[in-house]
Amino acid sequence: MTTRRPRAEDFLELVERGRRGRLKLYIGFAAGVGKTFRMLEEAHALKARGVDVVLGFIETHGRPETEALVAGLEVVPRQRHTYRDVSVEELDVDAILARRPQVAIVDELAHTNLPVCRNRKRYQDVQELLAAGINVIGAFNVQHLESLNDLVERNTGVTVRETLPDSFLKSADQVVNLDLAVEDLHERLKAGKIYAPDKVPHALERFFTGDNLSTLRELALREVAESLDRATTGKQARAGEDPSQKGGAWGRVLVALSSHPPRAATLLRRGSRMAGRLNTDWFVVYVETPGEAPHLIDAEAQRHLLTNIEKAKELGAEVVRLRAKDPVAALLDFGRSHGVGHIIIGRSNQAKWRQRLGLTADARLLREGDGFDIHVVSFEPLTEEKRS
């Protein structure tokens, strides 16, 4: 798959529309594919056309070719913090807001800011700039998408700690995939163009294996293809058509959430991915039974529930809290009244005799959920490391 290289004029056309800032994202599948280099090239092209562009935060990683492109561009000084006796530099949101450029370039959007910063994540800094009418060009690697976290870990064995929500990607006005053959990336790595020579052998043995890079490259290509599909076609019902009558391919997505499921994050990521592929809305529904009233469940379960609800909102879901004696009936009634086509639920871990008798929520949904596509998600046993 090849991606047409957008001209600076393409983004400039978007810049000139509307009052809210426009967002352009460069996505790669690994360090060294050229995201920062390409952003800096575009910054020079925009400047040549008279656009007021600044560098909000650029991470060159000491690469000479990239550092050379910083010259000639205005750099907004970073904000320096001392945290635990260590000096750290972060994006200075207030300085950019005060400067008010037309376009700000911001790198490594999945970065987690220091606790002393106003926003927890750098992508939230960007959202603040966009809300103020400042256009942003940014970059990140595909493995940092929250909904891909489980998939990346399962296929590569690499645990990605810093993530950003898929809803941020979906909000972008332009998405560009920076593709590179795995062999070419290996050559760049061995030539010392990505990391210092002493770090190359370790990188080749761990993250930069051929299998890992091929998997991540495929994910990046697929993600950008789906982004383009969402932007151009979508699966929206025509005037007068009822999406709730169109079956699973048309319906919205519902994730059933219990007060303390073993792997709620997996369910939420699955729902986010499915809603993204279908270009549809999705709900996270928690049914509070009389026995799960806030004063009856323990503090730990309450904490997990609130954490999962916040994660769902971050991923772009509409969170709904229902009260009912029968969770299954409540889920089905909600689904039928809200155009849901897909229901995602975790496999029950209740007693085996309840499973054999078909009394568990997943078995009942399969039996009673006529008109819905029911997706029952199995979970791998949690290791002690993953429980902590």
Side-chain angles (χ1 to χ4, degrees), residues 1-3 25-41 55 57-71 78 83-90 105-114 121-123 138-164 176-224 380 383-386 388:
M1 174 178 174
T2 58
T3 304
L25 295 176
Y26 282 96
I27 297 182
F29 66 91
V33 298
K35 303 180 301 299
T36 305
F37 190 90
R38 186 70 65 82
M39 285 197 300
L40 290 170
E41 280 190 327
L55 304 184
F57 195 103
I58 286 292
E59 187 57 74
T60 66
H61 296 286
R63 296 164 191 158
E65 295 175 348
T66 306
E67 289 181 342
L69 281 176
V70 173
R78 302 177 184 182
Y83 183 71
R84 295 180 177 176
D85 298 324
V86 177
S87 181
V88 181
E89 294 181 337
E90 299 282 13
I105 311 295
V106 182
D107 213 349
E108 299 192 355
L109 298 177
H111 168 77
T112 302
N113 293 331
L114 291 174
K121 304 284 289 188
R122 186 169 293 160
Y123 81 85
F140 66 94
N141 284 327
V142 70
Q143 62 266 30
H144 292 288
L145 277 177
E146 174 65 33
S147 71
L148 294 178
N149 197 263
D150 294 330
L151 186 62
V152 169
E153 183 174 2
R154 186 167 61 249
N155 284 277
T156 69
V158 176
T159 301
V160 179
R161 303 295 182 188
E162 294 191 315
T163 62
L164 50 73
V176 180
N177 177 47
L178 267 296
D179 191 26
L180 189 68
V182 172
E183 296 79 8
D184 292 340
L185 187 59
H186 273 163
E187 288 302 316
R188 288 180 56 80
L189 181 65
K190 294 173 184 176
K193 295 183 177 181
I194 301 176
Y195 298 134
D198 60 314
K199 295 182 178 180
V200 171
H202 180 74
L204 286 170
E205 292 174 2
R206 301 294 296 275
F207 185 81
F208 278 78
T209 66
D211 288 344
N212 281 0
L213 294 178
S214 295
T215 297
L216 293 170
R217 184 186 183 212
E218 180 181 341
L219 288 175
L221 292 169
R222 187 189 310 163
E223 193 60 43
V224 173
E380 297 177 3
T383 64
E384 289 303 314
E385 179 183 357
K386 290 184 179 180
S388 58

- Message: Using the side-chain contact (heavy atoms from CB on, under 4.5 Å) definition, which of the options N177, N141, L178 pairs with Y26?
- Response: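 Only match with Y26 under side-chain contact (heavy atoms from CB on, under 4.5 Å): L178.
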Sidechain-backbone polar pair: [X] side chain, [Y] backbone, donor-acceptor under 3.5 Å:
X    : Y    : value
D179 : L221 : no
H144 : T163 : no
S214 : G210 : yes
E89  : R78  : no

- Query: side-chain contact (heavy atoms from CB on, under 4.5 Å) with N113: which residues, sequence neighbours excluded?
  - Reply: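 Counting only residues at least two positions away or on another chain, N113 forms a side-chain contact (heavy atoms from CB on, under 4.5 Å) with E90, H111, C117, N119, R122, D125.
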- Applying side-chain hydrogen bond (donor to acceptor under 3.5 Å, both in side chains), run through D107 and T36 and close with a yes or a no. CA-CA 7 Å; D107 213 349; T36 305; 2.6 Å; yes
- Would you say the ring centroid of F208 lies under 6.0 angstrom from that of Y195?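 Ring centroids of F208 and Y195 are less than 6.0 Å from each other.
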- Query: Please walk me through it: do L180 and R188 pass side-chain contact (heavy atoms from CB on, under 4.5 Å)?
  - Reply: CA-CA 11 Å; L180 189 68; R188 288 180 56 80; 3.9 Å; yes
Close side-chain approach of [X] and [Y], heavy atoms under 4.5 Å:
X    : Y    : value
F29  : L185 : yes
L25  : L109 : yes
H202 : R206 : yes
E65  : K193 : yes

